[in-house]
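A quick write-up on the structure given underneath.
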Amino acid sequence: MDANPVLEALGRPLRLAVVGGGPGSFIGAMHRTAARLDGRYDIVAGVVSSDPQLSKQAAVSIGIDPDRAYADPHAMFTAEAEREDGAEVVAIMTPNDSHHEYAMAALNAGFDVICDKPMTNTLDEAMDIVSLVDSSGLVFALTHNYTGYPMVRQARAMVEDGQVGEIRLVQVEYVQGGKAAEDDPEPGSDLPWRYDPIRGGPSLVMGDIGTHAHNLVRFVTGLEVDEVAAEVGHVVPGRMVDDFGAAMLRFDNGARGTFWVTQTAAGVENGLRIRVSGTKASLEWHQENPTRLLFSPVAEPARVLTPNGPSTLEPSSRSSRIVSGHPEGFHEAFANIYSDAAEAIAARRCGVAVDPLAMTFPNAWDGAVGVAFVDAAVASSNANGRWTTPALVHRTGGTPDGGADGGADA
């Protein structure tokens with residue numbers, strides 16, 4: 001990723017304001033690192049904590065000018081919109097229940113938006129954002145960062161190229177062990193916001209990692225889930241939030257799939273895995289070994305593909321920063337989402353065409369489809385696993401479908 005289309009179009013990096021991601025936040029550091037990695041953004045303003053004093057101190061500590069370290073997001077949107085050198089893009093990394101409020105306010109103030117997942121807690125809120133993005137023409141990127149890995153993009157490109165054939169089977173799992181302990185959180189302790197169904201959403205495990213697994217399937221295969229038969233709940237006794245979800249899937253082309261997510265598999269770290277099987281071949285990718293994509297064609301030896309190898313397709317090669325044999329990982333994948341969004345934003349602001357390969361980042365429609373999938377899985381589980389159709393499957397009217405179909409809101 002040597003060329004910098006943003007600098008070529010604008011002559012400078014985009015000016016970015018951040019909301020959330022303060023002291024102790026893992027995801028805040030990821031967002032800021034991703035924004036800076038390719039030199040396509042300068043972080044110029046921020047509200048990084050709900051505590052006004054702490055917010056200003058923390059913003060200064062990450063290099064923001066004290067005069068642009070704000071106590072409140074709405075005040076920041078107003079002030080930055082009035083500045084000649086004001087922020088142009090807003091990145092949101094706050095608790096789930098505030099994504100809708102801040103995204104809508106930022107879009108209404110004329111900012112392009114990059115938002116952490118899940119996009120919202122409710123489908124009505126998600127469709128508010130989709131409608132505003134459609135009417136405003138602004139760019140909205142959702143950080144399902146696993147779509148930024150070069151070999152995930154390779155898998156998608158191979159599916160599009162016909163190398164897998166007609167897809168028949170899909171298996172996806174996202175298995176973690178961080179919530180395996182029965183005293184996590186301890187009874188009577190202050191609950192983290194994710195354990196609050198109002199703030200964290202209707203299902204902890206589905207919102208936290210289930211949306212990643214669902215988005216990865218859509219991104220790689222280009223298929224939509226027509227029906228889901230699910231069980232969602234908890235396996236740790238006494239826990240009041242979901243820590244487990246499993247489902248059978250029926251896709252819009254007739255393919256079948258299985259889906260399993262949990263945060264209670266003791267000792268497991270971050271086991272996101274997908275296998276796609278078609279009439280010509282199968283593909284398999286595992287996030288904990290992200291530079292390897294297993295390609296198993298019919299009647300030929302299976303082979304392992306790597307970034308920048310002889311079979312690498314352009315969507316993959318443009319996402320890799322270093323020469324063959326050197327590992328890339330989580331930070332770089334996250335940065336690919338930011339960098340692609342930057343190309344779309346710069347092109348929109350300059351009135352020039354954007355490279356279509358930059359337009360695969362997850363967008364507002366992808367976020368809404370993810371929320372609809374969570375709702376359908378929970379509804380199916382509440383109905384003892386009854387087959388349930390998500391409220392959103394195919395988009396009709398407006399702009400084309402989102403990242404899974406090769407477009408982004410721009």
Do Ser55 and Ser49 get their side chains close enough for a donor-acceptor pair, meaning under 3.5 Å? no

Output, in order, the C-alpha distance, side-chain angles, deciding distance and verdict of side chain to side chain contact (heavy atoms under 4.5 Å, CB included) for His144 and Phe361. CA-CA 8 Å; His144 280 299; Phe361 56 83; over 6 Å; no

Heavy-atom pair with the smallest gap, counting every atom of Pro73 and Val19: CG-CG1, 3.8 Å

Does the Arg156 side chain pair with the main chain of Arg218, one donor and one acceptor, at a distance under 3.5 Å? no

Measure from NZ or CZ of Arg303 to the centre of the six-membered ring of Phe295 and say whether it is under 6.0 Å with the direction within 45° of the ring axis. no

Ring centroid separation Phe373 to Phe259 under 6.0 Å: yes

Quick one: list whatever passes salt bridge (Lys or Arg N to Asp or Glu O under 4.0 Å) with Asp208, sequence neighbours left out. Lys117, Arg194

Establish, from distance only, whether the side-chain atoms of His99 and Asp116 form a donor-acceptor pair under 3.5 Å. no

Does a donor on one side chain sit under 3.5 Å from an acceptor on the other, for Thr312 and Gln154? no

Nearest 0.5 angstrom please: Arg348 CZ to Leu138 CG, how far? 4.5 Å

Distance in Å, Gln263 CD paired with Asp242 CG, rounded so as to fall on 0.5 Å steps: 10.0 Å

Should the pair Arg153-Glu160 be classified as a salt bridge under the 4.0 Å nitrogen-to-oxygen rule? no

Is it the case that Tyr149 and Gln287 place a side-chain donor and acceptor less than 3.5 Å from each other? yes

Backbone N or O of Asp243 within a donor-acceptor pair of the Thr262 side chain at under 3.5 Å? yes

Would you call Arg12 and Asp42 a salt bridge, using N to O less than 4.0 angstrom? no

Are there over 12 heavy-atom neighbours, none belonging to Glu231, within less than 6.0 Å of that residue's CD? no

Using only atom types and a distance under 3.5 Å, with no angle test, would you say the side chain of Glu284 pairs donor to acceptor with the backbone of Arg275? no

Could you walk me through whether Asp134 and Arg395 pass the salt bridge (charged side-chain N to carboxylate O under 4.0 Å, His left out) check? CA-CA 13 Å; Asp134 284 351; Arg395 192 166 191 184; 2.3 Å; yes

Could you give me the CA-CA distance, side-chain angles and deciding distance for Glu332 and Arg321, then say whether salt bridge (charged side-chain N to carboxylate O under 4.0 Å, His left out) is met? CA-CA 8 Å; Glu332 293 86 353; Arg321 292 165 176 77; over 6 Å; no

Please test Arg68 against Asp85 for salt bridge (charged side-chain N to carboxylate O under 4.0 Å, His left out), starting from the C-alpha separation and ending with a verdict. CA-CA 11 Å; Arg68 301 172 79 174; Asp85 63 345; 3.8 Å; yes

Taking salt bridge (Lys or Arg N to Asp or Glu O under 4.0 Å) as the test, write out the residues that go with Asp226, two or more places apart. none

Does the ring of Trp387 carry Arg250 above it, NZ/CZ under 6.0 angstrom from centre and within 45° of its axis? yes

If we only count heavy atoms from C-beta on, is the Thr258 to Leu249 side-chain gap below 4.5 Å? no

Would you find a donor on one side and an acceptor on the other, under 3.5 Å apart, between the side chain of Arg15 and the backbone of Gly86? yes

For Asn270 and Tyr174, which I'm curious about, is there any donor-acceptor pair between the side chains at under 3.5 Å? yes

Would you say CD of Glu269 has more than 12 non-hydrogen atoms from neighbouring residues, nucleotides or ligands within 6.0 angstrom? no

Point-to-point distance, once rounded to the nearest 0.5 Å, from NE2 of His286 to CG of Asn289: 8.0 Å

Is any NZ, NE, NH1 or NH2 atom of the basic residue among Glu88 and Arg40 found under 4.0 Å from an Asp or Glu carboxylate oxygen of the other? no

What is the ring orientation for Tyr102 with Phe77, classed by angle as parallel under 30°, tilted 30 to 60°, or perpendicular over 60°? perpendicular

With sequence neighbours excluded, give me every ring-ring contact (aromatic ring centres under 6.0 Å, His included) pair touching residues 30-54. His31-Phe334, His31-Tyr338, Tyr41-Tyr338

May I ask you to check whether Gln163 and Asp161 show a side-chain donor-acceptor distance below 3.5 Å? yes

